Structure formats: structure tokens, C-alpha cells
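Down below is the structure, laid out as C-alpha cells.
Lettering of chains follows the sequences in order, A, B, ..., and the numbering in each one begins at 1. Note that the coordinates shown come from a computational prediction; the quantities given were computed from them, not determined experimentally.
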Protein chains: 2
Amino acid sequence: MLPESFVATNFDVAQLRTGCATCSLRELCLPVGLNDQEIEVLAEVTAHKRKVQRGGYLYRAGTKFQSLYAVKSGFLKTCILEEDGRQQVTGFHMTGELLGLDAISTELHTCDAIALEDSEVCEIPFAKLERISSIIPSLMHHFHKIMSREIVRDHDVMLLLGGMKAEERLANFLLNMSRRLAIRGYSETNFNLRMTREEIGSYLGLKLETVSRAFSKLQEEAVISVKNKHIQIHDLQRLKEKMGNSSCTT
Amino acid sequence: MLPESFVATNFDVAQLRTGCATCSLRELCLPVGLNDQEIEVLAEVTAHKRKVQRGGYLYRAGTKFQSLYAVKSGFLKTCILEEDGRQQVTGFHMTGELLGLDAISTELHTCDAIALEDSEVCEIPFAKLERISSIIPSLMHHFHKIMSREIVRDHDVMLLLGGMKAEERLANFLLNMSRRLAIRGYSETNFNLRMTREEIGSYLGLKLETVSRAFSKLQEEAVISVKNKHIQIHDLQRLKEKMGNSSCTT
DNA sequence: CGAATGTTTGATGTTAGTCAAAATATGTGG
DNA sequence: CCACATATTTTGACTAACATCAAACATTCG
């Protein structure tokens with residue numbers, strides 16, 4: 001059976017030619033809220049597509065920043081390699097999401113972006129995007145919203161890392177995946193994870209063994225089924241309850 | 001004396017006239033990289049000043065977003081109040097820093113902003129800022145850099161919360177304070193903290209007792225002196241060494 | 001001054017990390 | 001397609017780090 005994402009991974013030639021206007025991600029990605037004419041202008045900027053094989057780098061920390069990338073298909077992680085050799089995952093990225101926002105400030109990428117499955121991205125030269133933003137206020141505004149949303153997301157992760165227990169972190173993570181998949185038209189209760197336990201742990205501030213144990217615990221409680229990377233959520237409600245009650249035990 | 005609220009709704013005529021152009025924060029704040037003429041335009045947007053007493057709210061979570069705020073003087077924290085009543089500090093903010101970026105995405109403030117000492121801010125109506133950004137590309141670009149820098153900062157905190165031990169977190173925190181104070185012309189080795197142990201702990205994902213113990217440990221080792229909220233750093237180098245070596249022990 | 005708030009320190013408990021080994025899955029070349 | 005090598009996952013036993021509880025002490029502010 002084909003993995004879930006293959007459905008989204010295929011693009012057709014017509015789409016390549018017409019750009020954003022006919023892209024299935026139009027409602028998720030940068031063009032949100034633009035009218036047809038504005039999208040035409042935007043499409044000129046995003047003409048360049050790039051494929052990244054599973055395990056390949058979209059960009060590397062320390063390299064010069066020139067473009068943002070919108071995920072067209074596939075799945076990527078961003079991570080920071082620390083001096084001591086360990087890497088910390090700072091995010092997982094699905095279709096329609098924008099990568100590279102962190103690099104605007106220094107004009108150097110601050111992290112590595114690595115494909116966790118064969119992926120395709122639209123390259124968006126940032127200088128061009130800014131130029132067009134001056135002309136299309138709604139594009140500028142939407143871009144600001146996207147950056148802001150990234151900040152909110154990071155705050156949510158900070159909350160998670162700062163105060164939650166292992167099981168709560170994992171519940172959060174699973175529900176986050178579930179919601180994002182649902183938005184993209186996939187099942188919210190039945191999906192394949194693209195990352196290893198170690199990568200999940202790195203993202204959640206846990207060791208891989210702890211992640212594994214938390215999975216096992218949720219499975220014992222019949223909230224989810226775990227079969228290696230395949231997750232089935234049996235009781236969405238109960239999973240949600242596990243999410244928020246960090247110190248409600250007192 | 002006039003009530004605070006009266007002062008806050010009125011603007012200082014002299015200040016209005018000179019605006020950003022003569023503000024001592026010109027090199028730290030939004031006007032970075034603008035020429036005199038551009039600053040004139042920007043100043044029209046930032047005319048409105050507001051004072052916030054110690055303990056007072058600049059804005060509250062859930063209220064409508066209309067303006068960003070640049071800290072003109074004082075010191076604030078931003079924090080999220082969770083359902084269970086506990087609050088998590090998401091940031092501490094010094095002069096020249098911009099608050100409210102997280103609210104752009106939903107047009108609602110996602111956190112409370114509370115003054116930790118009597119503070120003054122410049123109100124920057126966001127719609128006006130965007131309008132002017134269209135006209136002044138360098139302003140738009142600088143604003144993007146500021147948002148991006150916020151994302152990088154959050155990633156740094158995620159790294160800290162995800163992988164570091166208590167003492168490392170505190171060393172990071174102190175050096176961060178030190179650096180930011182130094183940029184503003186204050187001593188980098190000798191300063192007063194404005195927040196409680198509990199607030200530090202909340203920000204660092206630690207309990208206040210753990211923060212206190214970490215302070216004591218650093219003091220025993222003669223790296224710093226702690227006298228209540230006053231910090232003196234004796235050995236900046238050694239403090240820096242404590243910062244980065246999370247799992248180098250192996 | 002006295003009450004309230006904040007800080008330090010000690011004793012004990014809990015959680016997640018570490019180390020280790022077995023089990024399972026994935027990928028490769030024949 | 002199989003067999004092997006490699007990578008990933010699970011589970012158990014033990015340990016380290018931090019949280020919790022508690023009490024004493026210090027500071028702040030009306």
C-alpha cells in the first residue's frame with residue numbers, strides 16, 4: 001500500500017506551468033486571501049521548484065539565506081546541530097508550510113532543513129517577495145501573519161517543554177500532527193509518522209526510550225494503537241484530556 | 001498629580017515633535033537603518049506614548065490586537081496564564097524591544113504583558129506600520145528582521161528547555177541578561193534582576209527552589225555573587241563554559 | 001512594626017535519563 | 001526472494017536530576 005503522503009506528492013505538469021493559481025495548497029500557503037490577479041504576480045516569484053530526496057538537505061545551517069521555501073509535497077524537519085554533535089529538532093514541516101523564516105534576521109540559515117521523505121518545495125526568493133509585498137498589501141499582511149503564527153507556535157512548544165510531563169508532551173505532539181493532517185484532508189485518527197522516536201524525543205525534549213515508553217503507556221490505556229510508525233487514535237477525547245492537565249494532580 | 005490613565009492618553013508635545021529622531025533607542029529599536037527622512041515618517045506612527053506602573057498590564061491575553069509596543073524605559077514580562085491557574089513566562093523585555101508580535105496572526109493578544117518596573121512604551125498602531133512599510137522598503141525589511149530574530153530567540157529557548165540542566169539554563173539566562181544590558185550601556189557583570197526566582201523558574205522551566213539552588217551553587221563556586229536580586233559576575237569566562245556543555249560529561 | 005512576599009536550605013519522592021540487551025524493522029547485495 | 005548487516009524500537013534495572021514538602025530566614029511595604 002502506498003504511504004498516505006504519496007497522494008499529495010504527485011504534481012502534474014499543468015500545475016507547474018500555472019503556478020500558485022491552480023496549486024492545491026493555495027488555501028494553506030502564501031497566497032491565502034489574495035485575489036486572482038495578485039496570485040498571478042506572486043506566481044512569478046515562486047516559479048522555481050526544487051526536489052529533495054529523503055535524507056537530503058534543503059539547506060544547511062550557516063549557509064547564506066536567499067529564499068524561503070514552501071513545502072509542496074513531502075515532509076521535512078529543521079534541526080540545530082550543537083557543538084557536541086547532538087542535534088535538536090526545532091520543527092516538523094508539512095505541505096503548505098514555510099521554511100527559512102528564522103534566517104531573515106542574520107541572512108544565514110540558523111538550522112539544517114532535512115527531508116524525512118522525498119519532498120518538493122517552491123523556492124521563494126526573499127528579496128523578490130519583499131518587493132512584491134510593497135505592491136500587494138494583502139500579501140504583506142498575510143506574510144506578517146505567517147511569521148507571527150510561527151512565533152505563537154514556538155511559544156506553545158516552550159510551554160510544552162517548560163512544564164509538561166512526558167505523556168502530556170506526546171499527547172500534544174500526536175494531536176498536533178492529527179490536526180495538521182486533518183486540515184490537509186487526511187485522516188485525523190490514522191496516520192504514519194515520518195520521524196523516528198529519537199527525532200520525536202529531540203523535538204519534545206525527551207530521550208527516545210521515554211518516548212517509546214509513553215507510546216506503550218498510551219497503548220496499554222487503549223487511547224491509541226502503535227504499530228511501529230503507524231498510529232491509530234482510538235479515543236481522541238481522552239487523548240485531549242491528557243494534553244492540558246500538567247499540574248492538575250494537585 | 002494627574003491619574004496615570006490621563007497621562008497615558010495624552011502625548012507629550014515636545015516628544016511628538018522630535019519623535020524617533022532624537023530617541024536614545026534609535027539604534028536599538030524599529031528605526032535601525034533608516035535615514036532621517038524615513039524616521040520622520042515613522043515618527044508620525046509612534047506618537048503615542050503610554051506609561052505602565054509596576055505590576056500593571058500593558059495588555060491582556062484575549063484582548064484585541066491593534067498595536068505593537070516598543071519599550072522606551074523599564075522592564076516587562078510576557079506570560080501565558082494556563083487554565084489551571086499557573087502562569088508561564090514566555091519572555092522578559094528591555095528597552096528597544098518590540099512587544100505584541102505574537103498577536104498579529106490572530107489579531108488577539110496571546111499573552112499578558114506585565115510591567116516588572118514602572119515602564120514607558122511607544123504605541124505603534126500596526127495597520128499604520130504596515131501602510132508605511134509599503135512606502136519605506138528598508139523599514140519593512142527591518143521589521144521582518146525583527147520578527148525573524150524573535151523566532152531565532154524562541155528557538156534558542158526551545159534548545160535550552162529541551163536539553164539543558166538547571167545550572168546550564170541559569171548560566172544561559174544570566175549571560176543573556178548580561179549581554180542585553182551591555183548593549184544598552186550598562187555593566188555586564190553587575191546588575192539587578194527585576195524578576196523573582198519564581199518568574200525566572202517559570203521562564204526556564206524550573207521550580208523556584210531549583211533556581212535558588214543553582215544560584216547558590218554558582219556562588220559557592222565563586223563564579224557569581226548573589227545578594228537577593230543583585231548579581232555580580234566574577235568570572236564571565238567560567239560562566240560561559242557552564243552554558244554550552246549539556247551532555248559533554250559523557 | 002508587622003504582615004505579606006520572596007528566598008534559602010534540608011529531607012524525601014517522582015520522573016525521566018542512562019545503560020544494557022533483546023526484539024523488530026529496513027535496506028542491500030547476491 | 002533470501003540472508004545478512006544495520007538501524008530502530010521496546011523493555012528492564014538502576015541512577016541522577018529535579019520536584020515537592022516543609023521550615024526558617026530575609027526583604028519589602030504599608
Side-chain angles (χ1 to χ4, degrees), chain A residues 1 3 53-55 77 84 86-89 116-118 160-171 173 192-220 224-231 242 245-250, chain B residues 53-55 77 84 86-89 114 116-118 160-171 192-220 224-231 242 245-250:
Chain A
M1 195 169 65
Q53 276 192 321
R54 177 177 169 185
K77 68 172 177 181
D84 56 16
R86 283 186 323 142
Q87 65 174 204
Q88 165 129 359
V89 174
L116 293 183
E117 63 181 36
D118 291 356
L160 180 147
L161 293 172
M164 293 187 187
K165 300 222 190 74
E167 201 182 328
E168 297 170 330
R169 295 185 196 201
L170 191 63
F173 170 77
N192 282 296
L193 297 173
R194 293 286 130 75
M195 70 295 281
T196 65
R197 301 287 188 266
E198 187 167 22
E199 288 164 332
I200 296 171
S202 174
Y203 182 62
L204 297 178
L206 300 169
K207 294 293 155 183
L208 69 96
E209 295 96 328
T210 306
V211 174
S212 177
R213 278 185 244 271
F215 269 127
S216 300
K217 179 125 182 289
L218 287 174
Q219 185 165 235
E220 276 168 34
I224 63 172
S225 284
V226 188
K227 194 167 172 70
N228 202 27
K229 291 205 158 65
H230 184 82
I231 304 293
K242 294 199 171 274
N245 48 355
S246 54
S247 66
C248 279
T249 42
T250 36
Chain B
Q53 277 191 322
R54 178 176 168 187
K77 69 172 176 182
D84 56 15
R86 281 187 325 139
Q87 64 173 207
Q88 165 131 358
V89 173
I114 299 173
L116 294 182
E117 64 181 35
D118 290 357
L160 179 147
L161 292 173
M164 293 189 188
K165 301 222 187 79
E167 202 182 330
E168 297 169 330
R169 295 184 196 201
L170 191 62
N192 282 294
L193 298 173
R194 293 286 132 74
M195 69 295 281
T196 66
R197 300 287 188 267
E198 188 168 22
E199 287 165 332
I200 296 171
S202 174
Y203 181 63
L204 296 178
L206 301 169
K207 294 294 157 185
L208 67 96
E209 295 95 328
T210 307
V211 174
S212 178
R213 279 185 243 270
F215 268 127
S216 299
K217 179 124 181 290
L218 287 174
Q219 186 166 232
E220 276 166 35
I224 62 171
S225 284
V226 187
K227 194 170 171 71
N228 203 27
K229 291 204 157 67
H230 184 83
I231 304 294
K242 293 200 172 276
N245 47 352
S246 55
S247 66
C248 279
T249 41
T250 35

Is there a side chain to side chain contact (heavy atoms under 4.5 Å, CB included) between A:Phe215 and A:Ile200? Walk through the geometry before answering. CA-CA 11 Å; A:Phe215 269 127; A:Ile200 296 171; 4.1 Å; yes
Is the CD atom of A:Glu167 crowded by more than 12 outside heavy atoms at less than 6.0 Å? yes
Of D:dC18, D:dT11, D:dT10, the nucleotide closest to the side chain of B:Ala166 is D:dC18
What is the per-nucleotide protein-contact pattern of nucleotides 24-30 of chain D, from the 5' end, where B denotes a base atom under 4.0 Å from a protein heavy atom, S denotes such proximity for sugar-phosphate atoms only, and - denotes neither? ---S-S-
Base, sugar-phosphate or nothing for B:Lys217? Non-hydrogen atoms, less than 4.0 Å. nothing
Between the base of D:dG12 and the side chain of A:Arg213, is there a donor-acceptor distance below 3.5 Å? yes
Calculate the interatomic distance between [X] atom [atom1] and [N] atom [atom2]; express it in whole Å.
{"X": "A:Met195", "N": "D:dT9", "atom1": "CE", "atom2": "C1'", "value": "16 Å"}
{"X": "B:His230", "N": "C:dG6", "atom1": "NE2", "atom2": "C1'", "value": "18 Å"}
{"X": "A:Gln219", "N": "D:dT9", "atom1": "CD", "atom2": "P", "value": "14 Å"}
{"X": "B:Met164", "N": "D:dC18", "atom1": "CE", "atom2": "P", "value": "13 Å"}
{"X": "A:Glu168", "N": "C:dT14", "atom1": "CD", "atom2": "P", "value": "17 Å"}
{"X": "A:Leu193", "N": "D:dT9", "atom1": "CG", "atom2": "C1'", "value": "13 Å"}
{"X": "A:Arg197", "N": "D:dT11", "atom1": "CZ", "atom2": "P", "value": "10 Å"}
{"X": "A:Lys229", "N": "C:dT24", "atom1": "NZ", "atom2": "P", "value": "16 Å"}

Looking at DNA chain D, which of residues 204-212 of chain A put a heavy atom within less than 4.0 Å of it? A:Leu208, A:Glu209, A:Ser212
Counting distance only, does the side-chain N/O of [X] pair as donor-acceptor with the main-chain N or O of [Y] below 3.5 Å?
{"X": "B:Ser216", "Y": "B:Ser212", "value": "yes"}
{"X": "A:Glu117", "Y": "A:Arg54", "value": "no"}
{"X": "B:Gln53", "Y": "B:Asp118", "value": "no"}

What's the shortest heavy-atom distance between [X] and [Y], and which atoms?
{"X": "B:Thr210", "Y": "B:Ala166", "value": "CG2-CB, 3.7 Å"}
{"X": "A:Leu161", "Y": "A:Gly205", "value": "CD2-N, 3.7 Å"}
{"X": "B:Gly162", "Y": "A:Gln88", "value": "CA-NE2, 4.1 Å"}

Criterion side chain to side chain contact (heavy atoms under 4.5 Å, CB included) on B:Arg169 and B:Lys165, from CA distance to verdict: CA-CA 6 Å; B:Arg169 295 184 196 201; B:Lys165 301 222 187 79; over 6 Å; no
For the helix from C:dC1-D:dG30 to C:dG30-D:dC1, what angle lies between the axis at the first five pairs and the axis at the last five pairs, to 10 degrees? 60°
Between B:Thr196 and C:dT5, is there a side-chain N or O to OP1/OP2 distance below 4.0 Å? no
Check whether any side-chain heavy atom of A:Arg194 lies under 4.5 Å from a side-chain heavy atom of A:Lys229, and answer yes or no. no
Check the pair A:Leu218 / A:Lys242 against side chain to side chain contact (heavy atoms under 4.5 Å, CB included), numbers first and verdict last. CA-CA 10 Å; A:Leu218 287 174; A:Lys242 294 199 171 274; 3.4 Å; yes
Passes side chain to side chain contact (heavy atoms under 4.5 Å, CB included), A:Ile231 versus A:Asn192? Steps please. CA-CA 6 Å; A:Ile231 304 293; A:Asn192 282 296; over 6 Å; no
